[in-house]
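Throughout, residue positions are numbered sequentially from 1 according to the sequence presented.
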Amino acid sequence: MDLKIKDVVDLLKVSETTIRRWLAEGKIPAYRINNQYRFSRTEIEDWVMNRKHGKGSETTLFEGHAIEPAGNKQFSLYRAIHKGGVLVNQPGDTKDEVIRSTMRSIASDLNLDSEIIADLLLDREKLQPTALNNGIGIPHTRDFLLSSQHDIVTVVFPKKPLAYGAMDGQPVHTMFFLFACDDKRHLHLLAKIAHLSNQPANREFLKKKPNKEELLEFIKNWEMQIKSD
């Protein structure tokens with residue numbers, strides 16, 4: 001129970017009033033300990049992955065009034081993708097094959113063993129597919145954190161959409177491989193990618209398989225607009 005209400009407010013970019021309303025309505029997992037609410041990192045992660053988000057939904061993330069301060073987390077996804085990169089038409093006919101081929105491509109840059117990190121990612125997929133619906137997947141591990149000071153997101157466009165075990169049954173056309181430095185930054189980036197993928201115009205852009213320069217420009221402009229959504 002390592003997260004408090006203020007932590008969840010900061011991570012999901014919603015107001016404390018919204019969090020308390022979700023708590024009262026039983027829409028977000030939490031525990032009452034000594035008359036204070038506490039949240040589990042793994043349960044909040046699963047909640048973000050499984051909920052429907054966006055305008056008109058019951059659990060909208062990144063509300064307009066929750067402005068991200070410039071220079072802090074406002075461009076967190078841009079920075080993580082800049083560190084990680086973009087792979088277009090990544091080989092593999094199945095989810096497992098694409099995850100393994102991706103790790104062979106990037107593991108050395110992360111100072112990781114490609115087979116070990118691929119096994120960790122696939123163990124997470126066996127526990128629960130990391131698809132967000134609408135053709136987006138976020139491969140990540142349950143417990144692994146980078147030892148560096150920089151979060152890394154590598155965006156992968158498979159050569160063809162993949163059967164992924166998503167709740168909506170749609171194949172995945174875009175994968176955000178997420179490697180964060182700590183739990184809170186992991187959850188923040190997870191929530192931000194969920195917010196990004198909820199918007200139809202963003203998904204249509206991703207289907208075009210942009211290169212790194214094109215994607216970074218798009219993400220930078222999108223992150224600048226979050227405060228006014």
For T102 and S105, does a side-chain donor sit closer than 3.5 Å to a side-chain acceptor?
no
For M175 and P158, work out which heavy atoms get closest and say how close.
SD-CG, 3.8 Å
List the steps and the verdict of side-chain contact (heavy atoms from CB on, under 4.5 Å) for Y37 and R32.
CA-CA 5 Å; Y37 284 106; R32 196 75 180 260; 3.5 Å; yes
In a table with atom names and distances, give each donor-acceptor pair under 3.5 Å that connects a side chain of residues 107-115 to protein atoms at least two apart or in another chain.
| from | atom 1 | to | atom 2 | distance (Å) |
| --- | --- | --- | --- | --- |
| D113 | OD1 | E115 | N | 3.0 |
| D113 | OD1 | I116 | N | 2.9 |
| E115 | OE1 | R100 | NH1 | 3.2 |

What's the shortest heavy-atom distance between K212 and I81, and which atoms?
CE-O, 3.9 Å
So, does E214 use its side chain to make a donor-acceptor pair with the main chain of N211 at under 3.5 Å?
yes
CG (L87) and OG (S101) are apart, to the nearest 0.5 Å, by 8.0 Å
Determine, for D7 against K184, whether the closest basic-nitrogen to carboxylate-oxygen distance falls under 4.0 angstrom.
yes
If I take atom CG from residue L215 and atom OG1 from residue T174, how far apart are they, to the nearest 0.5 angstrom?
9.0 Å
Exam field: side chain N198 to backbone A194, donor-acceptor pair closer than 3.5 Å
no
Can you spot which of R185, H186, H188 makes a side chain to side chain donor-acceptor pair (under 3.5 Å) with D151?
R185
For the student: nearest non-hydrogen atoms of K192 and E223, plus distance:
NZ-OE2, 2.8 Å
Run the numbers on L121 and F177 for side-chain contact (heavy atoms from CB on, under 4.5 Å), then give the verdict.
CA-CA 9 Å; L121 290 167; F177 283 77; 4.1 Å; yes
For K159 and G92, the nearest pair of non-hydrogen atoms, with its separation, is CE-O, 3.8 Å
Rounded at 0.5 Å granularity, tell me how far OG1 in T154 sits from CG in L178.
10.0 Å
Is any side-chain heavy atom of F176 less than 4.5 Å from a side-chain heavy atom of L189?
no
State, yes or no, whether a side-chain contact exists between L162 and T94 at a heavy-atom distance under 4.5 Å.
no
Pair I28-V8, side-chain contact (heavy atoms from CB on, under 4.5 Å): steps then yes or no
CA-CA 10 Å; I28 188 168; V8 179; 4.2 Å; yes
When you look at NZ of K209, are more than 12 heavy atoms from neighbouring residues, nucleotides or ligands closer to it than 6.0 Å?
yes
Would you sort out whether E45 and R124 count as a salt bridge (Lys or Arg N to Asp or Glu O under 4.0 Å), showing the intermediate values?
CA-CA 12 Å; E45 175 184 304; R124 176 67 178 87; 3.0 Å; yes
Rounded distance [0.5 Å steps], CZ in R79 versus CG in L216:
12.5 Å
Measuring only between side-chain heavy atoms, which start at C-beta, is V98 closer than 4.5 Å to D93?
no
Locate the shortest heavy-atom distance separating F39 from P29; write the atom from each residue and the value.
CD2-O, 3.2 Å
Donor-acceptor under 3.5 Å (E16 side chain, K6 main chain):
no
Heavy-atom check, side chain of I99 versus side chain of K95, under 4.5 Å:
yes
Using 30° and 60° as the class limits, which term best fits the ring planes of H195 and W222: parallel, tilted or perpendicular?
tilted
Examine distances only and state if a side-chain atom of R38 and a backbone atom of Y31 form a donor-acceptor pair shorter than 3.5 Å.
no
With heavy-atom distances below 4.5 Å as the criterion, would you say the side chains of V172 and I136 are in contact?
no
With a cut-off of 3.5 Å and sequence neighbours excluded, list every side-chain donor-acceptor pair involving residues 163-170.
| from | atom 1 | to | atom 2 | distance (Å) |
| --- | --- | --- | --- | --- |
| Y164 | OH | E125 | OE2 | 3.4 |
| Y164 | OH | T130 | OG1 | 3.3 |
| D168 | OD1 | Q170 | N | 3.0 |
| D168 | OD2 | N134 | N | 2.7 |
| D168 | OD2 | Q170 | NE2 | 3.4 |

Can a salt bridge be assigned to the pair K208 and E204 using a cut-off of 4.0 Å between side-chain N and carboxylate O?
no
Going by heavy atoms in the side chains, are V14 and I19 under 4.5 Å from each other?
yes
Applying side-chain contact (heavy atoms from CB on, under 4.5 Å), run through L206 and F218 and close with a yes or a no.
CA-CA 10 Å; L206 293 172; F218 183 88; over 6 Å; no
I'd like to know if the side chain of T141 reaches the main chain of L120, judged simply by a donor and an acceptor atom lying under 3.5 Å from each other, with no hydrogens or angles considered.
no
State whether the side chain of W22 and the backbone N or O of T17 hold a donor-acceptor pair below 3.5 Å, judged by distance alone.
no
Quick one: does any side-chain atom of H140 pair with a main-chain N or O of I138 as donor and acceptor, under 3.5 Å?
yes
In Å and rounded to the nearest 0.5 Å, what is the CD to NZ distance from Q225 to K220?
12.5 Å
For the student: nearest non-hydrogen atoms of L132 and S197, plus distance
CD1-OG, 3.5 Å
In terms of ring plane angle, is the pair Y78 and F75 parallel, tilted or perpendicular, where the classes change at 30° and 60°?
perpendicular
